[in-house]
2 protein chains.
Amino acid sequence: MAVLDLLGRRWALGIIWQLRGDRLTFRALQSACGGVSPTVLNQRLRELRESGVVELSEREGYGLTASGHDLRKALEPLVAWSKRWARGAPASRSLRR
Amino acid sequence: MAVLDLLGRRWALGIIWQLRGDRLTFRALQSACGGVSPTVLNQRLRELRESGVVELSEREGYGLTASGHDLRKALEPLVAWSKRWARGAPASRSLRR
DNA sequence: TACTGATGCTACGCTTTTGATAGCGCAACA
DNA sequence: TGTTGCGCTATCAAAAGCGTAGCATCAGTA
């Protein structure tokens with residue numbers, strides 16, 4: 001299941017989720033993701049671009065490809081679940097780092 | 001989006017996916033995930049248990065909770081997407097480590 | 001009473017990944 | 001000619017992950 005390898009890296013899911021609406025510049029994306037280090041952001045973006053999920057246009061910045069939008073749609077049940085989960089399990093959010 | 005933090009760690013999605021059917025013992029789960037080190041597996045399992053997604057029964061090993069099964073269902077569109085993606089983008093699977 | 005095998009899990013040392021910060025090269029603009 | 005914003009890289013420290021070995025416990029068995 002290669003997709004779990006692609007998406008099971010830190011920020012990968014978040015990046016896709018942040019790009020669900022308008023296109024974002026590198027720096028906008030960086031701050032939207034809570035200040036990821038540019039090293040990792042760039043690495044993730046490279047992987048996602050090589051996977052055909054994310055694309056960069058010079059004018060408008062980063063955005064999802066058609067395939068990426070499909071992926072974002074496939075993520076929606078997950079987000080719906082997470083909302084239910086956040087409501088139902090308030091003690092569970094304390095993951096120490 | 002705390003769920004992306006929980007699930008955006010290595011093996012987290014895979015563990016949930018492996019538990020979709022029967023319950024598995026620690027070691028069975030370990031080999032089902034391609035030989036994850038017990039250190040990481042145990043840490044992920046602890047996080048997932050604290051989040052109420054996975055549970056351990058002494059008799060039958062690890063399995064999903066009701067919430068965990070919901071999550072697994074929410075993951076199905078993602079798996080469907082990944083199959084399409086694997087078919088359509090054969091050049092994309094080469095993520096260097 | 002050992003002995004055997006399976007369980008969940010920890011300890012250790014090392015590699016890889018991620019993080020924080022600074023800054024480069026470039027282009028548009030004033 | 002400076003300034004601003006862009007994508008992105010360099011560097012180094014910290015955190016996460018990995019591989020291996022092994023512990024403690026319990027059930028079955030001889």
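Chain letters run A, B, ... following the sequence lines, proteins first, then strands; residues in each count from 1.
As judged by a 4.0 angstrom heavy-atom cut-off over every strand, B:Arg23 is placed among residues making no nucleic acid contact. The residue B:Gly35 sits close only to the backbone: its heavy atoms come under 4.0 Å of sugar-phosphate atoms, none of a base. If you check every strand for non-hydrogen atoms under 4.0 Å, B:Arg44 touches sugar and phosphate atoms only.
Between D:dG19, C:dG19, C:dC9, one nucleotide has an atom nearer to the side chain of B:Ser37 than all others, and that is D:dG19. Side-chain atoms of B:Thr25 lie closest to C:dT7 of the nucleotides C:dT7, D:dG17, C:dG19. Each of C:dT10, D:dG17, C:dG8 was ranked by its minimum atom distance to the side chain of B:Arg46; first place goes to C:dT10. Side-chain proximity of A:Tyr62 to the nucleotides D:dA21, D:dG17, D:dG7 is greatest for D:dG7.
At distances below 3.5 Å, at least one donor-acceptor pair connects side-chain atoms of A:Gln30 with backbone N or O atoms of A:Val36. Here the side chain of B:Trp11 pairs no donor or acceptor atom with the backbone of A:Gly8 at under 3.5 angstrom. In terms of modelled atom types and a separation under 3.5 Å, the side chain of A:Arg20 and the main chain of A:Trp17 share a donor-acceptor contact. The backbone N or O of B:Ser51 sits less than 3.5 Å from a side-chain atom of A:Trp85, completing a donor-acceptor pair. Between the side chain of A:Thr65 and the backbone N or O of A:Glu55 there is no donor-acceptor pair closer than 3.5 Å.
Atom CG of B:Asp5 and atom P of C:dG19 are 10 Å apart (whole Å). Summarising the geometry, the separation between CG on A:Leu29 and C1' on D:dC6 is reported as 14 Å, rounded to the nearest angstrom. With rounding to whole Å, A:Gln30 atom CD is found 13 Å from D:dT9 atom P. In this structure, CZ of A:Arg10 is placed 14 Å from C1' of C:dA20, rounded to the nearest angstrom. Atom CG of B:Leu56 and atom P of D:dT25 are 17 Å apart (whole Å). Atom-to-atom, CD of A:Glu58 to C1' of D:dC6 comes out at 10 Å; the value is rounded to the nearest Å. Per the geometry, CG belonging to A:Leu41 stands 15 Å off C1' belonging to C:dT17, to the nearest Å. One atom, CD of A:Gln43, and another, P of C:dG19, lie 10 Å apart when rounded to the nearest Å.
Between A:Thr39 and the phosphate of C:dG19, there is no side-chain N or O to OP1/OP2 separation shorter than 4.0 Å. The side chain of B:Trp11 contributes no N or O atom lying less than 4.0 Å from OP1 or OP2 of D:dA16. In terms of phosphate contacts, B:Asn42 brings no side-chain nitrogen or oxygen within less than 4.0 Å of OP1 or OP2 of C:dG8. The shortest distance between the side-chain N/O atoms of B:Arg49 and the OP1/OP2 oxygens of C:dC9 is below 4.0 Å. OP1 and OP2 of C:dT17 both lie 4.0 Å or more from every side-chain N or O belonging to B:Arg9.
Nucleotides of DNA chain C nearest to B:Leu24 and A:Arg59 differ in position, and the one nearer the 5' end is that of B:Leu24.
Salt bridge B:Arg44/B:Glu47: present, at least one basic N to carboxylate O contact under 4.0 Å.
Judged by atom type and distance alone, A:Arg27 does not reach the base of D:dG5 through any side-chain donor-acceptor pair under 3.5 Å.
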